[in-house]
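Any value given below was found using the heavy atoms of this structure, including those in side chains, with hydrogens, waters and symmetry copies removed. Keep in mind that what you see is a predicted model, and the values were worked out from it rather than measured.
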Amino acid sequence: MTNSDHEHDVDRALLDEIERYYDAVPRGGARTEDFGPLTLFVREGTGWPFYARPALGHDGPAVTVDDVRRVLERQRELGVPEAFEWVAEHDPELRAAVEAAGLTVHEHPLLVLGPQDEPAPAPALPEGVEVRVLAFDAPELATAVAVPHLAFGEPGTAIGTAGSAQVAATAEKLTAEGWVERTSGRIASGASALAAAIERTDGGAVVVLCAGQHNPVGAVTEVAGVGTLPAARRRGLGLAVTAALVADARANGVRTLFLSAADEDVARIYRRIGFRPFATALIAEPAPQN
């Protein structure tokens, strides 16, 4: 789904609601720097690095290539990724500016489950697997944080190599780096909810196979970071975890859920539980070096 598919029929009120969400979420873990029509979010503490976005409510001149270059220079100075994120339908002029500055733009389907949309019933789980929304002090929390990291290390939907043998070492590393403590604090404060698909082995061990989060701000939340252990893919676990996150969000007063999918193949999976195509999320970064 591209910008041209939606430029005439997009729900502007819903688009503005999601744009306010995108501006609000990074502020809990970042400082901001003002670049006129652009805002640079700079991560403070542990977590994924942030990016630059269109400044919320900016009503001055449109973004120019010089604006983009000023942000890129600052990102290089700070040693953070040279990255921009935005919604194509909300800021259609930004793409030309970032491409003129030498960045490559990647398109990702943006899907929504709005106030009037009914989620589909949760899918059946494989035998021996349960999905739980974890408490901040759950014993499975460290491994639930680790599994998506391993998943994103082997992108796509094909069965991969990373399995339970790699989870413990990754969990130990992320615990040492503060990721687990940060996630626990966000769960305790209500800033995040984390669901995990858990299997108990014949020997009685508990193994996390898939995990993901939603991060509410008022009545809006984004489902993010849903990742299945590569060796456990093709069992419907990502769908089951997403369904649990949807149920948790709705039970806690969230009326609008959205997510961005890696590609159309992944987007089709989320459509099966009620998400519908809405817009296009864009990510700009330097082209890979040969």
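The distance from the CG atom of L111 to the CG atom of L257 is 12.0 Å, given to the nearest 0.5 Å. Distance check: N215 CG to T221 OG1 gives 5.5 Å after rounding to the nearest 0.5 Å. K173 NZ to T175 OG1: the interatomic distance, rounded to the nearest 0.5 Å, is 11.0 Å. A distance of 4.0 Å separates CG of L150 from OG1 of T170, quoted to the nearest 0.5 Å. Between the OG1 atom of T228 and the CD1 atom of I159 there is a distance of 11.0 Å, given to the nearest 0.5 Å. Atom CD of Q213 sits about 7.0 Å away from atom CZ of R186, to the nearest 0.5 Å.
Remark: side-chain polar atoms of R53 are not paired, donor with acceptor, to backbone N or O of T39 under 3.5 angstrom. Side-chain N or O atoms of E89 include one that pairs as donor or acceptor with a backbone N or O of T280 at under 3.5 Å. Remark: the backbone N or O of A151 is not paired with any side-chain donor or acceptor of E154 at under 3.5 angstrom. Checking side-chain atoms of D23 against main-chain N and O of R20 turns up no donor-acceptor pair under 3.5 Å. Of the possible polar contacts, none joining the T242 side chain to the V223 backbone as a donor-acceptor pair under 3.5 Å is found. S260 places no side-chain N or O within 3.5 Å of a backbone atom of L110 that could act as its donor or acceptor partner. Under the 3.5 Å distance criterion, the side-chain polar atoms of R69 are left unmatched by any main-chain donor or acceptor of A101. A donor-acceptor contact shorter than 3.5 Å links the side chain of R234 to the backbone of T157. Here the side chain of H214 pairs no donor or acceptor atom with the backbone of E222 at under 3.5 angstrom.
Using a 4.5 Å cut-off on side-chain heavy atoms (C-beta onward), L40 and L78 make contact. In this structure, P54 and V63 have side chains that are not in contact, with every pair of non-hydrogen atoms separated by 4.5 Å or more. Within the 4.5 Å cutoff, the side chain of V226 has no heavy atoms near those of the P148 side chain. For the pair H108 and E85, the minimum side-chain heavy-atom distance is 4.5 Å or more. Side-chain contact between Q75 and V42 is absent, with no heavy-atom pair separated by less than 4.5 Å.
Using a 4.5 Å cut-off between side-chain heavy atoms of Ile, Leu, Val, Met, Phe, Trp and Tyr, with links allowed through other members, L259 and L15 fall into different hydrophobic clusters. Transitive grouping of hydrophobic side chains (ILVMFWY, heavy atoms separated by less than 4.5 Å) keeps W86 and Y21 in distinct clusters. Note on V25: it clusters hydrophobically with V87, by side-chain heavy-atom contacts below 4.5 Å among ILVMFWY residues. By the rule that hydrophobic residues join a cluster once side-chain heavy atoms approach within less than 4.5 Å of another member, L282 and L103 end up as members of one cluster. F50 and V80 fall into different hydrophobic clusters, where Ile, Leu, Val, Met, Phe, Trp and Tyr residues are linked whenever their side-chain heavy atoms come under 4.5 Å apart, directly or through other members.
At most 12 non-hydrogen atoms from other residues, nucleotides or ligands lie less than 6.0 angstrom from CD of E172.
Residues passing the ring-ring contact (aromatic ring centres under 6.0 Å, His included) test with Y22 are F258, sequence neighbours excluded.
Using bins of under 30°, 30° to 60° and over 60° for the plane-to-plane angle, the ring pair Y51/F41 lands in the perpendicular bin.
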